[in-house]
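Indexing begins at 1, ligand by ligand and atom by atom, following the structure's order.
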Amino acid sequence: MEQAKDKQVLLEVQHLNVQFHLKNGKKAKVVDDVSFVIHKGETVALVGESGSGKSITSLSIMRLLPMPPGEITKGDILLNGKNLLHYKNKEMSRIRGNEVSMIFQEPMTSLDPVFTIGNQIMEAIRRHQKVSKKQAREMSLQLLKEVGIANAEKIITEYPHQLSGGMRQRVMIAIAMSNNPQLLIADEPTTALDVTVQAQILKLMMKMKKEQHSAILFITHDMSVVAETADRVMVMYAGQIVEEAPVREIFLQPKHPYTAALLKTMPSLETEMTRLPSIPGTVPPAYALPNGCRFAPRCPFVMKHCRQVTPETRHIQHNHSVRCHLFTEEGVLAHDGERSFT
Ligand code: SF4
């Protein structure tokens, strides 16, 4: 894992609030006061189970959130100091695919079934760069080679359905990286792939990131992917960031009980397990959040206080913050000091 060499801020999300208008006329707050930064060249993982608000956060950054039913009610999203929420749609399409790119879990939803792979990569290049068709073709072939596709001359003439899932994801990476974006948002990019292909794709993404000096925001529910890729980790639960720290600290000294529970769902070489443990219960829906701490109904450390008072984010150490009543500003257990979940 590579630490961010350059500490310059690339992306700054400030107090982002997103709500959805439900069919019954009610509103559901799916992202609640989310703030974070990504530095140039850094890989940051945003982790949490489905329904935690990770994908809505990333779609908001890309300005791809369906509005309605979604609505950004508050907050700012600054890329290189410029607020993406102030751009007109046309300006945003210039930024999308150029300064910020995104890859999704299922490439079939992003690739157009009626155009060849070559056409789609060339189109992505020519949308943002003034090059001839011949040059774009050469660049496409080169990109396909860089993402590990040996028979690029043949693949360029094929259609998405003719490729395997792993090959399609490689093509998506080629498209996403075609204009040398400063930020790549990868939303569960390997979830639909088998384990061997997953490892290859992760390796490829990290190689491309290094070569192009891009930053990556990795959206995932899989702590193994986090361990392989991230410099820093943000854990999201029920629309809020509940813990943030460098990757090593998250794995060695998780503070929030939810982070600790997520880590226990990781496969381990030491323990023989026929079935991986899962966290009992489910993420509460955004239209029916519990009072106090949102994790309280599932937390093995819940106290009476937790069900009444919402915990604030506490900076317990330099670059480690947690939203849990168990911790004081000094990072020690505020209650029941003997208990430990690590
Ligand atoms: Fe558990 Fe209470 Fe901490 Fe919430 S605030 S995670 S319920 S200990």
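- When hydrogens are left out, the protein atom nearest atom 2 (Fe) of ligand 1 is Cys306 SG, 2.3 Å; that is the closest non-hydrogen contact.
- Residues Glu49 and His221 have side chains that never bring a donor and an acceptor to within less than 3.5 angstrom of each other.
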Problem set entry | From CA spacing to verdict: side-chain contact (heavy atoms from CB on, under 4.5 Å), Ile175, Val171 | CA-CA 6 Å; Ile175 291 175; Val171 170; 4.1 Å; yes
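- Within ligand 1, the atoms closer than 4.0 Å to a non-hydrogen atom of Pro257 are 6 (S), numbered from 1 in the order shown.
- Looking at atom 4 (Fe) of ligand 1, its nearest protein heavy atom turns out to be Cys293 SG, 2.4 Å.
- The nearest heavy-atom contact from the protein to atom 3 (Fe) of ligand 1 is Cys324 SG, 2.4 Å.
- Contacts between Cys299 and ligand 1, counted as non-hydrogen atom pairs separated by less than 4.0 Å, involve the side chain only.
- Checked options Leu144, Ile155, Leu141, Thr116; the residue passing with Ile121 is Leu144 (criterion: side chain to side chain contact (heavy atoms under 4.5 Å, CB included)).
- Of the candidates Arg232, Glu228, Lys209, Lys209 is the only one forming a side chain to side chain donor-acceptor pair (under 3.5 Å) with Thr43.
- Nearest heavy-atom pair across Glu42 and Val37 is OE1-O, 4.5 Å.
- Counting only N and O atoms by type, the side chains of Asn98 and Asn179 include no donor and acceptor under 3.5 Å apart.
- Given atom 5 (S) of ligand 1, the protein heavy atom at minimum distance is His325 N, 3.3 Å.
- Not a single N/O/S atom of His256, whether from backbone or side chain, sits less than 2.8 Å from atom 1 (Fe) of ligand 1.
- Near Leu326, with a cut-off below 4.0 Å to any heavy atom, the atoms of ligand 1 are 8 (S).
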